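Here is the naming used below: chain letters follow the sequence lines, and residue numbers restart at 1 for every chain. Keep in mind the model is a prediction, meaning the values are calculated, not measured.
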Amino acid sequence: MGLIYALNGLYFAAFLFLTSLGLSIILGVMGILNLAHGSLYAIGGFVAAYFIGMMTGSPAVLMLVTAAAAAMVLAGAVGLVMETTLLKPMYKRPLEYQLLITFGILMLIEDLIKLVFGGESRYASAPFDAMGSIEITGHTYPVYFLFVMGITALAGLFIWWLMAKTKLGIMLRAIEMDRDMAQAMGIPMRRLTVVAFVLGAALAGLGGALVVPTTPAVLGMGMDVLIMAFIVVVIGGLGSLKGTLVGSLLVGLTRSFTVAFYAELEMPLLFMIAVLILVVKPEGLFGQK
Amino acid sequence: MTNYLFSSRALGYLLALIVLLLLPQVLSPYHLTLVETGLSLAIMALGLNLLLRYAGVLSFGHGAYFAAGAYAVGLLNMYFPDNFSFELAMLASLGVSALVSALFGFVCVRHTRIFFSILTLALAMLMFAILEKAYHFTGGSDGIRIPLPTFFGIELTGMRRFQFLVGPYYYIVVGIFAAATLVMLAVVNSPFGKALQATRDNEVRAEMVGIRVKRFRWYAFVISGTFCGLSGGVWSFVNGHITPEISGWVFSGEIVYMVLLGGFMIFEGPIVGAMLFTYLRLYAVAWTEYWMLIVGGTLVLLVLLLPGGVTGGIAGLAARLRPGRGGGRG
């Protein structure tokens, strides 16, 4: 049974990793805590649910790939519009305006989703059902969870490659370390900020797309996820890939085991961990000051 | 100049108080309860602005102290229903919120900028999680109902809730609000208030001239949190029901919204903001299912076009119309 809890924890960590990664990249590169990140995730969820609904009868993997691609494109597009119109004037403004404008955007997106997709929950469990389940040490375990872990591993590797090996990634990390110096060195800040934001938004969309086969897309689904992603980023450290991974694993496993043994403790315990880390090391376990 | 400003401010306050006291003669009972809500939230907005404007740190988790004050009232009623008096409830609000903000603040004041905001947010969510999950003790997500209290031994049996709210309680709220405003005015104009602004402008320099930066920021945090607690206590009777949501980050964000809507560079700005926000939100909810579009859109426009808030905009306009006379900033 312990193995199943651990696997559940891993699945949850995988899906958290995808969503938190975007939040972490945006916070690292732009220094903005994007409160609307959960709403980009919700856009991903609704778009994916819509496409999965349209494609009933197709093979599960095809449905998922189409839905995930559409979700990423749409969330990325909304991110692009949001960054270039509303966030661009904010970089030189004080913190309170940066936080509040993303708070306003969150409300806007929540209602725009309601306008476009209606207020009802959207079920899209077809891929989950089609993939069936396998036996692991005498317990049945859904194949879909393993699939999500696989996709996450791929996405994580891709981001690692992008950040560590490509020129784009090196420039993004330079901005994270020292904005002024990066600008002085002639790094195209404006273009890279847009790239980072769209990348973060697309990752949120992917996270949302992968969750709808297990839980329906509902209004407000982004709110809870934002808070979980927030804990992950706080634990792992602002803008650190390694930190986001460790933070996701810690939150995922803690959650899976507390839910199994004493569910009431889940959220208080997670926030307690986050607060403790903030107090001792406010830049997070792997973050730089 | 200072004298002129001060006397014109005193005159303005007197006028505002008279208007507030006359409102029950002209406003419908429904609008009177809205004004009551606005006034009780204004106490909290003033509290948040002590940190934002004078200490230079943004709390995104002040809902926690509002909740501390409101739940002090709720729990008092739940566990000591026989002694549920208004004066005891207010004392509990002040005491509990001072205690919670002293504890949370002690941790938060070590940091500034985004770290301060993130830490306050996380602590508010911790409070939310505890209030929601410890349902045997706090009523969980159902919250707690707040009945009518007694006043210094006077029983209100037979009086209906609504009568109470538009009758005696209105004047009590106005009284508490006026007292809180004057206390806050005294705080920001005291030597402590000036020292606080020095820590905001240059932490190192303030430390050099002998200001204990963290200690002073902590005092400001506790004062700010206690104002929120008082606000929560007063508001809990108006609302009649409290739930853990008031400790969540969305409500904490709305507090910041109020302060910026009114304008945080002017002392009275947050009061105006709390009133406007109460009306804006209520009318948006009543008018359309898509109220978040209106409230969020207003916020986005405000941040983009009117960063000084409503009072800042008016002061700017007045300064432009009357060149030679400085705007009354303080």
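To the nearest 0.5 Å, atom CG of residue B/L121 and atom CZ of residue A/F230 are 4.5 Å apart.
Using a 4.5 Å cut-off between heavy atoms, B/E254 touches chain A through backbone and side chain atoms alike. Contacts between B/I114 and chain A at a heavy-atom distance below 4.5 Å involve backbone atoms as well as side-chain atoms. At a 4.5 Å heavy-atom cutoff, B/F128 makes no contact with chain A through either its backbone or its side chain. Interface residue A/V279: backbone and side-chain heavy atoms are both found under 4.5 Å from chain B. Both the backbone and the side chain of B/V250 come within contact range of chain A, each with at least one heavy atom under 4.5 Å from a heavy atom of that chain. For chain A, the nearby part of B/L58 is the side chain; its heavy atoms alone come within less than 4.5 Å. Residue contact with chain B, scored on non-hydrogen atoms closer than 4.5 Å, is absent for A/I231. Interface remark: B/I294 contributes no atoms to any contact with chain A (heavy atom separation under 4.5 Å). Using a 4.5 Å cut-off between heavy atoms, A/L115 contacts chain B through both its backbone and its side chain.
Heavy-atom neighbours of A/Y123 OH from other residues, nucleotides or ligands within 6.0 Å: at or below the threshold of 12. Counting non-hydrogen atoms of neighbouring residues, nucleotides and ligands closer than 6.0 angstrom, the CZ atom of B/R212 reaches no more than 12 such neighbours. More than 12 non-hydrogen atoms from other residues, nucleotides or ligands lie less than 6.0 angstrom from OH of A/Y91. The environment of B/F251 atom CZ is dense: over 12 non-hydrogen atoms of other residues, nucleotides or ligands sit within 6.0 angstrom.
Heavy-atom pairs under 4.5 Å with chain B were tallied for A/I32, A/L86, A/I101; the largest tally goes to A/I101. Taking B/L302, B/L123, B/I130 one by one and counting their heavy-atom pairs under 4.5 Å with chain A, the maximum is reached by B/L123. Across B/T298, B/I118, B/L52, the residue that shares the most heavy-atom pairs under 4.5 angstrom with chain A is B/I118.
Nearest heavy atom pair, residue B/G253 against residue A/L100, reads O-CD2, 4.0 Å. Closest approach of A/P89 to B/L304, counting heavy atoms only: CG-CD2, 4.0 Å. Closest heavy-atom contact between B/V300 and A/I105: CG2-N, 4.0 Å. Annotation for B/S117 and A/L99: closest pair CB-CD1, 4.1 Å, computed over non-hydrogen atoms.
Side-chain atoms of A/Y97 come within 3.5 Å of backbone atoms of B/P307 as a donor-acceptor pair (strictly under, hydrogens ignored). Side chain of A/R93 to backbone of B/V303: a donor-acceptor contact under 3.5 angstrom is found.
Proximity to chain B among residues 107-114 of chain A is limited to A/M107, A/L108, A/E110, A/D111, A/L112, A/K114, judged by heavy-atom separations below 4.5 angstrom.
Contact check for A/L35 versus B/W249: side-chain heavy atoms found under the 4.5 Å cut-off.
Checked against side chain to side chain contact (heavy atoms under 4.5 Å, CB included), B/A129 has the following partners two or more places apart in sequence or in another chain: A/M267, A/P268, A/F271.
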